[in-house]
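Chain letters run A, B, ... following the sequence lines, proteins first and then strands; every chain starts at 1.
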There are 2 protein chains.
Amino acid sequence: MNRQTDLNILAGTEIFRGLTAEALDEIRRAAFRRRLAKDEVLYHQGDPAATFYVLIVGRLRVTQNTVDGGRITVRYLGAGEMVGYAVLSGAGAHPGTVIAVEDSHLFGWSQESIRQFTGRHPEVAMNAVAALGARYQETQTRLQELSTESVERRIAHTLLRLAHQAGRRTAMGIEIAFPLSRRDVAELAGTTLHTVSRTLSAWEKDGIVMSERRHVIVCRPHALAALDAPAGPL
Amino acid sequence: MNRQTDLNILAGTEIFRGLTAEALDEIRRAAFRRRLAKDEVLYHQGDPAATFYVLIVGRLRVTQNTVDGGRITVRYLGAGEMVGYAVLSGAGAHPGTVIAVEDSHLFGWSQESIRQFTGRHPEVAMNAVAALGARYQETQTRLQELSTESVERRIAHTLLRLAHQAGRRTAMGIEIAFPLSRRDVAELAGTTLHTVSRTLSAWEKDGIVMSERRHVIVCRPHALAALDAPAGPL
DNA sequence: CGATGAGTTGATCCGACTCAACCACGGTGG
DNA sequence: CCACCGTGGTTGAGTCGGATCAACTCATCG
């Protein structure tokens with residue numbers, strides 16, 4: 001919690017990496033801290049984009065709603081990731097709702113201070129471009145999957161992506177390290193919780209995954225990755 | 001084709017807007033021109049991201065392929081839009097294939113020159129963040145539609161988006177101003193050309209759209225936007 | 001100890017994909 | 001000039017993946 005610790009943390013974030021110690025200290029001084037309890041909302045879709053955040057510890061979920069009640073999960077955010085890119089891009093409002101799925105800790109900056117800082121430090125803007133580009137690509141990939149793949153494969157890819165982003169190696173396999181319900185998976189994979197439940201049950205029988213309520217472990221990731229052929233040959 | 005014309009063109013692009021005349025002239029001097037005939041490929045998915053472009057006139061299509069033969073259309077690009085953002089974000093390879101759907105004209109810059117320029121002009125990086133953010137949002141919206149809406153509504157939204165991005169007012173309605181086949185619409189909406197054909201035929205009967213081969217006019221955009229209720233009540 | 005949320009599993013149904021046959025148009029070449 | 005073929009488009013019939021509807025169990029919580 002001291003100055004040096006904060007500097008090390010900031011130096012490890014996707015948006016501030018590569019900055020000089022002086023620049024890091026400058027952004028540190030402009031920051032405020034924000035804590036979120038589990039299930040607490042950071043901001044709602046449509047709120048004016050006034051504050052930019054970086055997630056330090058914890059896990060956040062970004063969701064997006066349509067007028068007609070539809071809801072999807074855009075992505076989960078982990079430590080070091082930026083929150084509220086709309087503040088940087090100059091959009092007026094946040095395009096999604098951000099909620100903590102476990103107790104979290106963030107640094108925050110006002111729109112003026114982060115935009116001013118970004119203007120003076122092109123590396124920050126370049127980092128933002130890189131980070132946004134990566135998210136854009138990931139979304140593109142999901143779009144691709146949703147257009148062309150079966151539900152089963154989409155669920156498989158969803159779990160693999162989560163395992164990659166927030167996986168923790170255990171004796172049983174790769175554990176997805178935050179509470180994740182069937183419904184959550186369904187909203188990521190573009191299906192219903194019923195289908196997710198059936199699919200996970202089948203995989204559990206085959207020893208591919210293990211799951212309890214709101215908790216998934218991927219035991220055999222390679223088996224998930226190789227779900228093209230409808231079934232193994234004789 | 002003279003210097004002043006080029007400066008005016010550059011000043012109107014999403015990535016270079018707001019720059020001083022001197023900065024614009026600097027980027028103009030570093031640029032080279034590139035012409036693409038209809039159906040000519042600018043670069044392929046997987047090619048090293050070595051050159052950054054801005055589209056001056058014409059229309060490009062960005063597609064993305066999966067290993068297993070799946071293909072989607074990521075988006076169409078119009079005048080003033082940047083092409084090859086991966087060069088900015090430092091990704092090693094282009095994530096998609098870009099092809100001209102009509103004769104086009106671009107400005108191009110080497111990776112070193114555009115990144116150096118961006119490093120010296122934070123506005124450019126900020127513009128890039130804004131542009132990428134907008135594309136990210138658009139993709140998010142498509143993802144949302146694909147997860148929650150019926151094929152018919154997705155086709156409707158696809159046409160509305162195209163009409164918005166590349167529409168030309170005519171006596172008959174909003175004409176989509178570049179060749180667009182059923183297959184193209186299908187790859188944007190995440191469906192098959194058969195379903196698109198059926199849907200457009202039905203809409204044509206209702207006077208909502210008019211279409212010939214590779215050519216679509218949206219006559220009653222509001223009717224497309226209001227396709228929620230399955231059918232009008234008695 | 002009801003209540004609420006998460007999960008499972010069966011039965012049913014339908015939207016849209018698949019398969020298939022066909023037409024129209026526009027090059028191209030004999 | 002016409003025969004040919006490839007591309008784009010239309011439309012019908014059949015099928016099926018997965019959503020929907022429904023009933024029930026099991027935790028967790030105030």
Side-chain angles (χ1 to χ4, degrees), chain A residues 37-39 61 68-73 99 101 145-159 176 178-205 209-217 227-231, chain B residues 38-39 61 68-73 99 101 145-159 176 178-206 209-217 227-231:
Chain A
K38 184 173 188 312
D39 296 329
R61 176 174 55 220
D68 51 318
R71 188 175 96 178
I72 62 161
T73 295
I99 189 170
V101 297
E145 291 174 5
L146 210 47
S147 306
T148 64
E149 292 181 352
S150 71
V151 168
E152 187 182 34
R153 296 199 66 190
R154 265 145 51 199
I155 297 173
H157 284 135
T158 299
L159 290 186
I176 293 169
F178 56 90
L180 183 76
S181 71
R182 305 290 184 262
R183 180 172 218 266
D184 296 332
V185 176
E187 282 180 5
L188 281 169
T191 178
T192 61
L193 71 161
H194 308 280
T195 301
V196 171
S197 179
R198 286 181 229 274
T199 306
L200 288 189
S201 295
W203 286 344
E204 187 131 24
K205 270 196 204 75
V209 304
M210 291 174 59
S211 67
E212 301 156 17
R213 80 177 346 228
R214 290 171 145 286
H215 190 220
V216 179
I217 300 175
L227 273 180
D228 345 70
Chain B
K38 185 173 186 313
D39 296 330
R61 175 173 57 217
D68 51 317
R71 189 176 94 177
I72 61 160
T73 294
I99 191 170
V101 297
E145 291 174 5
L146 210 47
S147 306
T148 63
E149 293 182 352
S150 71
V151 169
E152 187 182 33
R153 295 198 68 189
R154 267 146 50 201
I155 296 174
H157 283 135
T158 300
L159 289 186
I176 293 169
F178 57 88
L180 183 75
S181 71
R182 306 290 184 262
R183 182 174 217 268
D184 296 331
V185 176
E187 281 179 7
L188 281 168
T191 179
T192 61
L193 70 162
H194 307 281
T195 302
V196 172
S197 179
R198 284 181 230 274
T199 307
L200 288 189
S201 294
W203 286 343
E204 186 132 25
K205 269 195 205 74
D206 298 347
V209 304
M210 292 174 59
S211 67
E212 304 156 15
R213 78 175 352 225
R214 289 169 145 290
H215 190 221
V216 179
I217 299 176
L227 274 180
D228 345 69

Euclidean distance, atom [atom1] of residue [X] to atom [atom2] of [N] [Å, nearest integer]:
X: A:Asp184; N: C:dG5; atom1: CG; atom2: P; answer: 14 Å
X: B:Glu204; N: D:dT11; atom1: CD; atom2: P; answer: 10 Å
X: A:Lys38; N: C:dG5; atom1: NZ; atom2: P; answer: 13 Å
X: A:Glu212; N: D:dT28; atom1: CD; atom2: C1'; answer: 15 Å
X: A:Leu193; N: C:dT9; atom1: CG; atom2: P; answer: 13 Å
X: B:Arg182; N: D:dT11; atom1: CZ; atom2: P; answer: 10 Å
X: B:Arg183; N: C:dC17; atom1: CZ; atom2: P; answer: 14 Å
X: B:Glu187; N: C:dC17; atom1: CD; atom2: P; answer: 13 Å

Tell me whether the OP1 or OP2 atom of [N] has a side-chain N or O from [X] closer than 4.0 Å.
X: A:Ser197; N: C:dT8; answer: yes
X: B:Thr191; N: C:dC17; answer: yes
X: B:Thr195; N: C:dA16; answer: no
X: A:Thr192; N: D:dT20; answer: no

To the nearest 0.5 Å, what is the distance between OG1 (A:Thr199) and CD1 (A:Ile155)? 3.5 Å
Rounded to the nearest 0.5 Å, how far apart are CD of B:Glu149 and OG of B:Ser147? 9.5 Å
Heavy-atom donor-acceptor pair, [X] side-chain to [N] base, under 3.5 Å:
X: A:His194; N: C:dT9; value: yes
X: B:Arg198; N: D:dG12; value: yes
X: A:Arg213; N: C:dT4; value: no

Please find the pair of heavy atoms, one from B:Arg154 and one from B:Gly190, that lie closest to each other, and give the distance. NH2-O, 2.8 Å
Heavy-atom closest contact (B:Pro179 atom, B:Lys38 atom, distance): CG-CE, 4.4 Å
Side-chain touch B:Trp203/B:Val216, heavy atoms, less than 4.5 angstrom: no
